[in-house]
Amino acid sequence: MTHIPSPAEELRFLDAELRQLDARRSQLLARRGWLVATLEAARPAPAFAPPRPEASPPRVQNVLLLLGGTLLTIAAMAFTLVGWGHLGTAGRSAVLGAITVAALAAPLPLLARGLRSTAEAVAGLGLALTVLDAYALHEVALGEVDGLGYTAVAAAVLAVLWTAYGLLPRTAQLRLPLPAALAAAQLPLLWWVPAADGGPYGLAAALLVTAGFDTAVALRVPARSVRIVAAVGAYGLGAGGVLTAGGLSWTATGPSAAARAAALLLLAALIALTAARRTAAVAAPLGGLLLVAALGGVPRVVLPEVWTVPVHLACGVALLAAVRVQRLPEPVRRGLGQASAAVQALAVLWAAPLVAVTLLGPLAWIDRPWSGAPSDIRAAVTAQVPWPAQSETAPLVLAAVAAVLALSARPGARTAALVLGGATALVLPPVLQLPYEAGLLAALTVVALALVPAAPTAACLAVAASLHAASLALAAQSATLTVLTALTLLFAAASRRRTLVAAPAALAWATALACAIGAAAGWAPQHTALLVLTVPVAAALLAPRAAEAALPVEVTGAAAGLLAIALTSADPPSLALVLALCGVITAATALRPDRRRVGYASTALFVLAAWVRLAAWEVGAPEAYTLPVTIPALLVGALRRRREPGTSSWTAYGPGLAATLLPSLVAAWADPHWTRPLLLGLAALSLTLLGGGHQLQAPLLLGGATLLLDALHELAPYLIQVAGALPRWAAPALAGLLLLALGATYEQRIRDVRRVQGILGKMT
């Protein structure tokens, strides 16, 4: 029976076979490497590689054919212009005719033999000869004919002949005749207009008609070379025609001239929109803009200049009606919409200077507040800036664009509409030259309406309008107090909806109102500061209920507190009081679990208040300044050790003790009296005993070091006297004895030091 191995035996067999195969493969690879190295060593050194050709044969061929055709064309021109007079009329005609016919007929056998490039070169020569034939005909037989008119007719005839030549069955393979015919077709109208004295309108019409012809060719002819020439002609001549027609429309002084220019612009728009049916990258928006320019050109001449932008804006908005026509191709409708948006954007840009003057002009009242209310709101706006000319219709433009955006369904349109609507309401009173009070009321109304929606854009608009109103109100004292009160109440009422801007803005305007009240009452700055402090108090009370606006509210309150401190900087007693009150406010804020860190600021404020008060009392003792820091620091350190028993005494008590001991020690060394050193020594002794009793390193070492230095200060006069009484050799002798004593007891001292280190190490 056949023996079937177990899986384990079969696996061992396969592993053995694979090892043998690997060993055999290694032998073969080593042998192959040796053979390759042997062959490489025996092979002779390779010769230098032949130089690589820098030009391919087809390229050389084309260059030669191009040069040959060009040289033949130059020779024909030289023969026509220079050697023409040596032959008679019949001879000259026969020579040129024979050469032209031969050049035009030569491509036929060349194409039959497959020499297409040569045929192209010879055909180009033949086309150039036809141009020379036309020139020769004018010089010989038609010399009395106007040169411009003859050139136009000749260009048209050549375009037809070249087209017919390029469409013949045998010459249809040539790529040159049809593009050349299209290039010649660009000239007839351009030369005919000056011949017929057509003027700038005729020139613009010729440019646009030729561009329209090129557009039709580019859209319908499949040959790529023809489409390239047609596209270049369409863009180039079309741009020239549009610029010419636009200049005529802009400089038109009467309805007739404006109507003719408008007709030209309509023709250009029609060409662009026709092209947009096939390719709408730029053509459709350009066609829409040309329609706006054409439709707005005639009313611009009839109406006053101030209505130019509104008329064009109306035409641009009218394009939106065509966008809804479903029969129009999608590229055309999209391009018309883009053109309408561009017109609206340009209109808003035209109105932007008026908005800038309205918003920024009232800032001039900062330099001369309460100097008297102006006669009207325009005078308040233009206190130091000129009024923009021809801007009376700007509110209408802003309102129209805002209405269009409000009805649009695009994202962000409603936001832009809100901003433009607010700008319209702000610029309308200066445009109408309403009374000063009416302008203030309009600005406050914009603020109130902008605070209704809970949107960030509306909040920004409300802030901008409030700044505008406050700047306007600086002209008169009563207006300032009234507007600041109204702004404070409006933003405070809006803060109930938990908006991020309303509550901080209300506090900011309340701060401004407090300063205005103090100035109106004739108070000193330090007294006004006490009224300003009501704002940080309100911020501290409002912040816990302000949700996401808590941080902005607290920042605004802190800014108001800094303002109060700045107002009292010239009066130390008032400054100390304000600092203490700010410390109370921050201490109350630190009671909140999420604002514990504010306690550090509260401590700093209390310390600063104490220092300022001491400076006002002309206290010069450093302990009066350092103890207000040391005592709170020690209390905080004790609380920390109670909560975290592992805290080191250096961390808990070191900073607080050093804050008083070091300045006091410096003062004691410079104090000639005995009171300060005695008190400092007693305090240092107490600290040393407390540190030793409670096994704390910081009080023990700091107190001991201070006690030692204080004792040295007290013994210094006597040591100086003893040093003066001893002979000069006594000091070196004493030093030598000291060194001997130290050397004799060195080992014992090391043992003592290690024992002291062990004792200190057990302390905390």
Side-chain angles (χ1 to χ4, degrees), residues 189-190 192-194 196-213 215 234-276 282-323 332 335-336 338-351 353 388-397 400-401 404:
L189 290 178
L190 299 182
W192 176 77
V193 168
D197 196 14
Y201 289 93
L203 179 61
L207 291 171
L208 292 175
V209 170
T210 307
F213 170 74
T215 302
Y235 281 110
L237 298 180
V242 167
L243 292 176
T244 305
L248 293 173
S249 176
W250 186 257
T251 57
T253 57
S256 176
R260 285 184 291 169
L264 294 174
L265 291 174
L266 285 175
L267 176 60
L270 179 62
I271 296 172
L273 293 177
T274 302
V282 182
L286 179 60
L289 293 176
L290 291 174
L291 280 177
V292 172
L295 297 177
V298 177
R300 184 189 63 82
V301 179
V302 178
L303 298 175
E305 184 180 356
V306 72
W307 291 98
T308 299
V309 175
V311 167
H312 285 82
L313 176 62
C315 297
V317 174
L319 292 180
L320 296 177
V323 176
V332 175
L336 292 178
Q338 294 172 353
S340 177
V343 172
Q344 296 178 54
L346 291 174
V348 172
L349 187 63
W350 170 78
Q390 305 296 336
S391 59
E392 286 74 12
T393 56
L396 179 61
V397 170
V401 177
V404 172

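Since this is a predicted model, take the numbers as computed values, not measurements.
Side-chain atoms of T244 do not come within 3.5 Å of backbone N or O of A204 as any donor-acceptor pair. S340 places no side-chain N or O within donor-acceptor distance of the main-chain N or O of L336, the cut-off being under 3.5 Å.
For the pair L273/L291, a side-chain contact is recorded, criterion being any heavy-atom separation below 4.5 Å from C-beta on. Side-chain contact between V309 and L346: absent, with no pair of heavy atoms (C-beta onward) separated by less than 4.5 Å. Side chains of W307 and L396 form a contact here, defined as non-hydrogen atoms less than 4.5 Å apart. Side-chain atoms of V343 and L319, non-hydrogen and from C-beta on, never get closer than 4.5 Å to each other. Side-chain atoms of L264 and L208, non-hydrogen and from C-beta on, do get closer than 4.5 Å to each other. Contact of the T274 side chain with the T215 side chain is not registered, since no non-hydrogen atoms from C-beta on lie closer than 4.5 Å.
The nearest pair of heavy atoms linking G199 to V193 is O-CG1, 4.1 Å. Scanning both residues, A283 and A272, for their nearest heavy atoms gives CB-O, 3.3 Å. Nearest heavy atom pair, residue T251 against residue G247, reads OG1-O, 2.7 Å. Of all non-hydrogen atoms in A245 and L265, the two that sit nearest each other are CB-CD2, 3.8 Å. The two residues G287 and A269 come nearest to each other via the heavy atoms O-CB, 3.6 Å.
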For residues 293-304, tabulate all N or O donor-acceptor pairs below 3.5 Å that involve a side-chain atom, not counting sequence neighbours.
{"unit_1": "R300", "atom_1": "NH2", "unit_2": "S249", "atom_2": "O", "d": "2.5"}
{"unit_1": "R300", "atom_1": "NH2", "unit_2": "W250", "atom_2": "O", "d": "3.2"}

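Counting heavy atoms of neighbouring residues, nucleotides and ligands inside a 6.0 Å radius, atom CH2 of W350 exceeds 12 of them.
For the atom pair CG (L290) and CG (L266), the distance works out to 9.0 Å, reported to the nearest 0.5 Å.
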